[in-house]
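Reading through the structure tokens given below for one structure.
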Amino acid sequence: MPELTPFLTKDDIDKKVAEIARKISSDYQGRELVLIGILKGAFIFMSDLVRHLTVPVQVDFIRAASYGSETSSSGTITITKEIETDVKNKHVLIIEDIIDTGLTIGYLIDHLKSFGPKSVRVCALLDKKERRSTNVSVDYVCYTVENGFLVGYGLDYAENYRNLPGIYHLKL
Ligand code: 5GP
Ligand code: MG
Ligand code: MG
């Protein structure tokens, strides 16, 4: 049986999400924002984040499949659900649960830029900074984390544990 060790409580996360939302609201004051959530992992983070934003926002989702193992991505990425919003000349903020090698987010940044938005930035709940193998800039990060596999608050292992309110280390 996989073993779960508590890492971040729901209370910790709530405070941090509110804080990052204040920063985003202040940076985008007077502008309109399109948030693009990366399915499925970002669904809970995005739903909490949007309710703290004080600028006008539209929301949409994209889904990317990366063929790899359960615990790491391969870098071969395909889009399995496309955005439905016209983001041309709009400010786009991509919402991701966790950035590891950066391959997924790097691919999605380039993909979304191809629609001609005014800007594209990235907001991630978790950033495994030391594992980065590509040169992507993450504009808003809630937590920089070490190696190890995390689940809960939207993050899965084999589609399980997304419903846990807090975040846990999973020992396989
Ligand atoms: P990257 O392309 O940056 O290597 O991988 C990013 C994706 O891998 C994330 O969106 C997530 O789906 C998955 N991933 C990377 N690290 C973790 C982790 O610690 N826990 C979970 N649940 N998924 C992870
Ligand atoms: Mg993800
Ligand atoms: Mg996953």
Side-chain angles (χ1 to χ4, degrees), residues 1-10 12-14 16-17 20-21 24 34-50 57 59-85 87 92-114 120-172:
M1 267 298 274
E3 191 186 312
L4 298 180
T5 321
F7 180 59
L8 295 166
T9 66
K10 174 77 168 83
D12 293 333
I13 302 166
D14 283 346
K16 196 59 109 172
V17 171
I20 215 93
I24 293 169
V34 183
L35 297 196
I36 310 273
I38 305 181
L39 292 171
K40 301 175 193 175
F43 82 116
I44 292 180
F45 175 42
M46 178 139 143
S47 72
D48 281 345
L49 184 75
V50 284
V57 289
V59 301
D60 203 346
F61 295 93
I62 195 164
R63 179 149 162 76
S66 154
Y67 297 95
S69 68
E70 279 301 346
T71 57
S72 78
S73 70
S74 65
T76 308
I77 293 146
T78 53
I79 288 164
T80 55
K81 189 237 167 275
E82 184 55 278
I83 55 164
E84 291 156 31
T85 308
V87 296
V92 167
L93 183 61
I94 308 175
I95 311 298
E96 175 64 304
D97 54 356
I98 183 162
I99 300 178
D100 186 24
T101 61
L103 292 168
T104 308
I105 197 72
Y107 181 90
L108 290 176
I109 292 169
D110 289 346
H111 175 72
L112 292 171
K113 278 185 177 166
S114 73
V120 177
R121 285 188 185 168
V122 176
C123 171
L125 176 68
L126 303 161
D127 186 4
K128 281 187 192 163
K129 216 173 182 166
E130 286 178 8
R131 300 245 319 150
R132 200 61 37 79
S133 69
T134 49
N135 185 23
V136 290
S137 79
V138 187
D139 305 277
Y140 304 96
V141 175
C142 291
Y143 298 96
T144 300
V145 296
E146 308 286 311
N147 266 339
F149 198 76
L150 299 169
V151 296
Y153 196 71
L155 288 90
D156 77 308
Y157 172 66
E159 293 303 326
N160 291 122
Y161 310 117
R162 292 194 198 275
N163 60 312
L164 299 177
I167 296 179
Y168 296 78
H169 266 291
L170 182 84
K171 250 193 240 128
L172 293 168

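Just follow the structure's listing: the first ligand is 1, and inside any ligand the first atom is 1.
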How far apart are the C-alpha atoms of Ile38 and Ile62, what are their side-chain angles, what is the distance that settles it, and do they pass the side-chain contact (heavy atoms from CB on, under 4.5 Å) test?
-> CA-CA 5 Å; Ile38 305 181; Ile62 195 164; 4.1 Å; yes

Could you check Asp156 against Lys40 for side-chain contact (heavy atoms from CB on, under 4.5 Å), going step by step and ending with a plain yes or no?
-> CA-CA 9 Å; Asp156 77 308; Lys40 301 175 193 175; over 6 Å; no

Determine, stepwise, if the pair Arg162 / Leu155 fulfils side-chain contact (heavy atoms from CB on, under 4.5 Å).
-> CA-CA 5 Å; Arg162 292 194 198 275; Leu155 288 90; 5.9 Å; no

Could you go through the side-chain contact (heavy atoms from CB on, under 4.5 Å) check for Glu96 and Leu125 one step at a time?
-> CA-CA 7 Å; Glu96 175 64 304; Leu125 176 68; over 6 Å; no

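Shortest contact from atom 22 (N) of ligand 1 to any protein heavy atom: Asp156 O, 2.8 Å. If you check which protein heavy atom lies closest to atom 15 (C) of ligand 1, you get Asp100 CB, 3.7 Å. For atom 4 (O) of ligand 1, the closest heavy atom belonging to the protein is Thr101 OG1, 2.4 Å. In this structure, atom 13 (C) of ligand 1 lies nearest to the protein heavy atom Ile98 CG2, 4.3 Å. For atom 16 (N) of ligand 1, the closest heavy atom belonging to the protein is Lys128 NZ, 3.1 Å. For atom 12 (O) of ligand 1, the nearest protein heavy atom (residue, atom name, distance) is Asp97 OD2, 4.3 Å. With hydrogens left out, the protein atom closest to atom 2 (O) of ligand 1 is Thr104 OG1, 2.5 Å, a heavy atom. Closest to atom 20 (N) of ligand 1, if we only count protein heavy atoms, is Leu150 O, 2.7 Å.
Distances shorter than 4.0 angstrom do not occur between any heavy atom of Arg132 and any atom of ligand 1. In this structure, Gly41 has no heavy atom closer than 4.0 Å to ligand 1. Within the structure, ligand 1 has Gly148 among the residues with a heavy atom less than 4.0 angstrom away. Assignment of Ile105 to the shell around ligand 1 is not supported, since no heavy atom sits closer than 4.0 Å.
Its N, O or S atom nearest to the Mg ion (ligand 2) is what matters here, and for Glu96 that atom is OE1. For Asp97, the N, O or S atom closest to the Mg ion (ligand 2) goes by the atom name OD1.
Asp48 and Tyr153 are linked by a side-chain donor-acceptor pair at a separation below 3.5 angstrom, with hydrogens and angles left out of the test.
Among the candidates Val92, Ile99, Leu93, the single residue satisfying the side-chain contact (heavy atoms from CB on, under 4.5 Å) test with Val122 is Ile99.
Close contacts of ligand 1 with Glu96, meaning ligand atoms under 4.0 Å from a residue heavy atom, involve 10 (O).
Checking Asp156 against the Mg ion (ligand 3), an N/O/S atom falls under the 2.8 Å cut-off.
For the pair His111/Ile77, no side-chain contact is recorded, criterion being any heavy-atom separation below 4.5 Å from C-beta on. The shortest distance between side-chain heavy atoms of Ser66 and Leu103 does not fall below 4.5 Å. At a threshold of 4.5 Å between non-hydrogen side-chain atoms, the residues Arg132 and Val136 count as touching.
On a distance-only criterion, Tyr157 and ligand 1 share no N/O pair closer than 3.5 Å. Any N or O atom pair closer than 3.5 Å counts here, and Gly102 shares at least one such pair with ligand 1.
Within a 4.0 Å radius of atom 8 (O) of ligand 1, the protein has no heavy atom.
Once rounded to the nearest 0.5 Å, the distance linking NZ of Lys129 with CG of Asp100 reads 14.5 Å.
Ring geometry, Tyr157 versus Phe149: the interplanar angle exceeds 60°, so the pair is classed perpendicular (tilted spans 30 to 60°).
Closest non-hydrogen pair, Leu35 versus Met46, comes out as O-CE, 3.9 Å.
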